[in-house]
Amino acid sequence: MDERTWEHVRTVVTTIPPGYVLGYGDVARHAGLRSARVVGRILAEDGADLPWHRVLRSNGSVAEHLRHEQLERLRTEGVLADGGRVDMRRYRWEPSAPFELPGAE
DNA sequence: CGAATGACTCCAG
DNA sequence: CCTGGAGCCATTC
């Protein structure tokens with residue numbers, strides 16, 4: 001793994017504004033990666049000082065061992081999870097359209 | 001080098 | 001909408 005790759009991932013994750021989230025796959029794309037698993041691995045090892053809680057699965061669920069902490073952190077930012085599941089359609093952050101009205105499906 | 005593992009994703013049923 | 005099963009990528013044994 002190149003150092004640059006890690007930097008890219010860190011940059012993307014840090015860029016996600018509070019109140020919004022991204023999927024591992026999304027972060028992978030923005031960072032120029034092709035695998036979401038790699039993003040997960042990087043966050044697992046180097047995500048301690050990053051807003052890693054703003055990254056979740058594409059379906060809005062999160063890994064079991066992180067479920068509690070992650071959902072709690074998101075909740076403090078206004079991202080509410082229903083049934084242990086976050087509404088990606090509502091909170092998903094798109095760099096090109098961050099001004100989409102919340103709740104406006 | 002092959003097999004197992006994990007903060008994942010997609011497709012079928 | 002929920003479950004399984006297969007695919008994927010990099011790392012570790």
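Below, read A as the first sequence line, B as the second, and so on, with proteins coming before strands; counting in each chain starts at 1. When reading the values below, keep in mind they use all heavy atoms of this one structure, side chains included, and skip hydrogens, waters and symmetry mates.
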Roughly how many Å is it from [atom1] in [X] to [atom2] in [N], rounded to a whole number?
X        : N       : atom1 : atom2 : result
Trp6(A)  : dA7(B)  : CH2   : C1'   : 13 Å
Tyr24(A) : dG7(C)  : OH    : P     : 24 Å
Arg29(A) : dT9(B)  : CZ    : C1'   : 10 Å
Arg34(A) : dC10(B) : CZ    : P     : 16 Å
Leu33(A) : dT9(B)  : CG    : P     : 13 Å
Asp2(A)  : dA10(C) : CG    : P     : 10 Å
Arg41(A) : dC8(C)  : CZ    : C1'   : 15 Å

Using the rule side-chain contact (heavy atoms from CB on, under 4.5 Å), only one of Thr15(A), Val21(A), Asp26(A) pairs with Trp93(A); which is it?
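Looking at Thr15(A), Val21(A), Asp26(A), the match for Trp93(A) under the side-chain contact (heavy atoms from CB on, under 4.5 Å) is Thr15(A).
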Report the residue from Leu56(A), Leu74(A), Leu71(A) that forms a side-chain contact (heavy atoms from CB on, under 4.5 Å) with Val79(A).
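Filter result, single survivor: Leu74(A).
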Working to the nearest 0.5 angstrom, can you tell me the gap between Glu72(A) CD and Glu77(A) CD?
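Output value for this atom pair is 12.0 Å.
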Would you say [X] and [Y] are hydrophobically clustered, going by side-chain heavy atoms of ILVMFWY under 4.5 Å?
X        : Y        : value
Tyr24(A) : Tyr91(A) : no
Val12(A) : Leu43(A) : yes
Val39(A) : Ile16(A) : yes

Closest-nucleotide mapping onto DNA chain C: is Glu45(A) or Ser35(A) further toward the 5' terminus? I mean the 5' end.
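Nearest nucleotide further toward 5': that of Ser35(A).
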Choosing from dT9(B), dT11(C), dC9(C), which nucleotide comes nearest the side chain of Met1(A)?
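Closest nucleotide among those given: dT11(C).
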Identify whether the distance between the nearest side-chain nitrogen and carboxylate oxygen of Arg89(A) and Asp87(A) falls below 4.0 Å.
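No, Arg89(A) and Asp87(A) are not salt-bridged.
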Less than 4.0 angstrom from a charged side-chain N to a carboxylate O is my criterion; do Asp82(A) and Arg85(A) meet it?
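Result for this pair is no, no salt bridge flagged.
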Qualifying side-chain hydrogen bond (donor to acceptor under 3.5 Å, both in side chains) pairs, either residue in residues 39-52 of chain A, two or more places apart:
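Qualifying pairs: Arg10(A)-Asp46(A), Arg41(A)-Glu45(A).
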If you take any heavy atom closer than 4.0 Å to DNA chain B, which residues from residues 78-86 of chain A end up in contact?
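None, since no heavy atom is under 4.0 Å.
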Those residues of residues 49-68 of chain A lying under 4.0 Å from DNA chain C by at least one heavy atom
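Contacting residues: none.
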